[in-house]
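Just so we're clear, the structure is a prediction, and the values are computed from it rather than from any experiment. What you see below is based on every heavy atom in this structure, not just the backbone, and it leaves out hydrogens, waters and symmetry mates. Every chain is numbered from 1 and lettered A, B, ... according to where its sequence line falls, protein lines coming before strand lines.
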Number of protein chains: 2
Amino acid sequence: MATDFRNKLQAEGLKVTPQRVAIFEAILRLNNHPTAEDIIAFIKTNHPNISVGTVYKVLDIFVEKKLIQKVKTEKDVMRYDPFLSNHHHLYCANTERIEDYEDEKLNQLIAEYFKKNKIKNFKIQDITLQITGKFSSQNKSKK
Amino acid sequence: MATDFRNKLQAEGLKVTPQRVAIFEAILRLNNHPTAEDIIAFIKTNHPNISVGTVYKVLDIFVEKKLIQKVKTEKDVMRYDPFLSNHHHLYCANTERIEDYEDEKLNQLIAEYFKKNKIKNFKIQDITLQITGKFSSQNKSKK
DNA sequence: GTTGTAAAGATAATGATTCTTATTTAGGAA
DNA sequence: TTCCTAAATAAGAATCATTATCTTTACAAC
Ligand SMILES: [Mn+2]
Ligand SMILES: [Mn+2]
Ligand SMILES: [Zn+2]
Ligand SMILES: [Zn+2]
């Protein structure tokens with residue numbers, strides 16, 4: 001996992017720097033699909049003089065190299081996801097909480113559906129569900 | 001349709017102003033899920049001195065009153081959708097094009113699936129698919 | 001040691017959006 | 001119709017997430 005990350009960076013010809021490690025670890029720990037600001041705040045304790053620009057730069061690189069993903073929201077702040085597999089998101093209707101939702105059976109159901117029902121003039125690469133609603137067990141990793 | 005819009009505004013106790021009408025019509029005409037900037041550019045021809053702040057304000061009101069929806073993207077610009085029914089979106093992997101995708105059969109399939117497979121601690125309100133891929137018939141209403 | 005290059009830090013700039021304030025207007029009341 | 005006033009708009013400043021620029025550092029190859 002941590003070594004996996006190092007390997008992936010090196011395979012892309014990118015250096016394994018303390019900043020990059022710290023940013024990646026922060027995203028893993030902050031498991032509510034953190035914003036850049038969340039990440040900076042988290043890192044600041046052990047790594048007080050990290051530069052804001054560096055964080056944004058590194059996040060872009062991670063996204064480009066597919067070490068993380070961006071998560072779409074209706075807000076004017078980007079959020080990041082270290083979880084790369086085909087999965088879906090539960091959006092809280094009231095708060096900024098976003099939880100992962102994995103469901104292989106559902107993925108297959110949808111894949112089969114689209115195998116039979118092609119979309120004209122469109123080649124599907126990826127399907128993600130945004131499931132909006134309310135969490136009943138309050139909090140957990142709120143924002 | 002146009003009167004429907006007026007009624008809905010009045011039902012909410014909101015005044016029907018030329019700006020609001022122009023903004024709503026612009027969103028209908030600009031059928032690629034326009035940004036505020038797209039809307040402003042479109043309106044400027046007939047309505048040269050509309051204020052940017054007004055457009056953002058009005059868009060917020062429309063969203064709040066459910067006359068339009070926001071469309072989630074990975075970009076730092078908001079996009080708006082006049083289409084309110086349960087529908088999905090086809091995101092072009094290369095361009096900013098976003099098309100509506102309506103599929104009642106799919107909606108039912110998914111609804112049935114979740115009727116049988118509840119998500120623990122979560123009450124679903126709405127499900128939207130983001131379908132990413134490539135359009136084969138190039139353009140139509142590009143960005 | 002010198003050179004070259006990727007990466008990080010500091011900080012200015014950008015661009016979408018929001019806020020503030022003065023002015024105008026829609027539309028109900030008189 | 002005319003008046004009145006809360007609601008809405010215009011103009012422009014401010015905010016804030018993100019980008020860009022420029023300098024400095026890390027570190028490897030020569
Ligand atoms: Mn921006
Ligand atoms: Mn912004
Ligand atoms: Zn996720
Ligand atoms: Zn739509």
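Considering Lys72(A), Glu99(A), His33(A) in turn, His33(A) is the only one that fulfils the side-chain hydrogen bond (donor to acceptor under 3.5 Å, both in side chains) rule with His89(A).
When rounded to the nearest whole Å, the span between CZ of Phe24(B) and P of dA8(D) equals 17 Å. Atoms NZ (Lys70(B)) and C1' (dA16(C)) sit 12 Å apart, rounded to a whole Å. Atom CD of Gln19(B) and atom C1' of dA11(D) are 14 Å apart (whole Å). The separation between Lys75(B) atom NZ and dT14(C) atom C1' is 17 Å, rounded to whole Å. Going from atom CG of Asp76(A) over to atom P of dT18(D) covers 7 Å, rounded to whole Å. Between Gln10(A) atom CD and dC27(D) atom P the separation is 14 Å, expressed in whole Å.
Of the candidates dG9(C), dA26(C), dA10(D), the closest approach to any side-chain atom of Lys15(B) belongs to dA26(C). Side chain of Glu37(A), nearest nucleotide from dG27(C), dA17(D), dA8(C): dA17(D). Set against dA26(C), dT18(D), dG27(C), the side chain of Pro18(B) has dA26(C) as its closest nucleotide.
The two residues Lys75(A) and Met78(B) come nearest to each other via the heavy atoms C-CE, 3.9 Å.
Within 6.0 Å of atom NZ in Lys57(A), 12 or fewer heavy atoms from other residues, nucleotides or ligands are found, so the atom counts as exposed in its surroundings.
Remark: Glu74(B) does not engage Lys70(A) in a salt bridge, criterion side-chain N to carboxylate O under 4.0 Å.
Val16(B) and Ile23(B) fall within the same hydrophobic cluster, defined by Ile, Leu, Val, Met, Phe, Trp and Tyr side-chain heavy atoms under 4.5 Å apart, directly or through other members. Under the 4.5 Å side-chain contact rule for hydrophobic residues, Phe42(A) and Val55(A) share a cluster.
Interface residues of residues 50-65 of chain A facing DNA chain C, ordered by number: Ile50(A), Ser51(A), Thr54(A), Val58(A); criterion, heavy-atom separation under 4.0 Å.
Each of Arg20(A) and Leu14(B) lies near DNA chain C, and the nucleotide nearest Arg20(A) is the one positioned closer to the 5' end.
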